[in-house]
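Data block below; observations after.
Numbering of residues begins at 1 and proceeds along the displayed sequence.
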Amino acid sequence: MELAKITSKGQITIPIAIRRLLGVKDGDKVMFVQEGNKVVMMNASVEALLEVQDAFKGVADELGVEDEQDVVDMVKAIRAERSGDYVCE
């Protein structure tokens with residue numbers, strides 16, 4: 001358990017062990033989420049990434065993406081389409 005004291009301006013210093021656990025450093029943002037009668041602090045960047053991953057679940061299967069090379073090929077094809085070039089496979 002870690003404790004932090006609240007200043008008169010409502011600020012706290014996040015203990016180093018908690019910063020390490022969350023993977024946050026100077027300039028990073030954290031978010032506070034209410035879960036019942038508790039408030040949970042999260043690394044905002046990690047939480048955003050997890051939400052994006054959830055949103056895209058199943059999309060790789062739908063697009064037939066099986067590995068990193070499939071992603072590279074897809075990016076090349078999209079770039080070629082946008083530049084007016086055509087990619088022969």
Side-chain angles (χ1 to χ4, degrees):
M1 176 190 303
E2 300 285 340
L3 295 175
K5 184 177 177 182
I6 300 174
T7 69
S8 61
K9 294 182 179 182
Q11 299 171 333
I12 63 168
T13 298
I14 303 169
I16 187 74
I18 303 301
R19 293 194 312 261
R20 287 180 180 154
L21 179 69
L22 292 175
V24 295
K25 60 187 181 314
D26 184 41
D28 287 350
K29 293 185 177 188
V30 295
M31 59 189 291
F32 299 91
V33 179
Q34 183 176 352
E35 293 182 355
N37 63 349
K38 297 179 183 181
V39 175
V40 178
M41 182 172 64
M42 302 176 182
N43 180 327
S45 298
V46 170
E47 185 61 23
L49 178 60
L50 292 174
E51 287 181 20
V52 168
Q53 286 176 331
D54 279 347
F56 283 98
K57 275 186 182 169
V59 173
D61 291 336
E62 292 173 17
L63 295 175
V65 175
E66 295 179 7
D67 57 25
E68 188 175 338
Q69 188 58 49
D70 289 343
V71 174
V72 170
D73 293 343
M74 186 183 301
V75 169
K76 286 180 181 178
I78 290 169
R79 286 180 178 163
E81 273 181 34
R82 290 186 176 177
S83 68
D85 297 335
Y86 295 97
V87 176
C88 298
E89 296 183 24

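- Dense packing is recorded around CD1 of I16, with more than 12 heavy atoms of other residues, nucleotides or ligands lying under 6.0 Å away.
- When side chains are defined from C-beta on, T13 counts as touching R19, because their heavy atoms get closer than 4.5 Å.
- At distances below 3.5 Å, not a single donor-acceptor pair connects side-chain atoms of D61 with backbone N or O atoms of G58.
- For the pair K76 and D73, the salt-bridge criterion is not met [side-chain N within less than 4.0 Å of a carboxylate O].
- The number of heavy-atom neighbours closer than 6.0 Å to CD of Q69, taken from other residues, nucleotides and ligands shown, is above 12.
- The 12-atom threshold is exceeded at CD of E2, counting heavy atoms of other residues, nucleotides or ligands nearer than 6.0 Å.
- Criterion: ILVMFWY side-chain heavy atoms under 4.5 Å apart, direct or through other members. Under it, L21 and V33 are not part of a common hydrophobic cluster.
- Residues L3 and P15 share a closest heavy-atom pair of O-CG, 3.8 Å.
- For the residue pair K5 and I12, the shortest heavy atom distance occurs at O-CG2, 3.7 Å.
- The backbone N or O of G64 sits nowhere less than 3.5 Å from a side-chain atom of E62 that would complete a donor-acceptor pair.
- For the residue pair E66 and D70, the shortest heavy atom distance occurs at N-OD2, 2.7 Å.
- Linking Ile, Leu, Val, Met, Phe, Trp and Tyr whenever their side-chain heavy atoms come within less than 4.5 Å leaves V46 and V52 in two separate clusters.
- Residues M31 and I14 do not share a hydrophobic cluster, defined by chaining ILVMFWY side chains whose heavy atoms lie under 4.5 Å apart.
- Minimum heavy-atom separation, M42 to L22: CA-CD2, 4.2 Å.
- What you find for V40 and E35 is that their closest heavy atoms are CG2-OE1, 3.5 Å.
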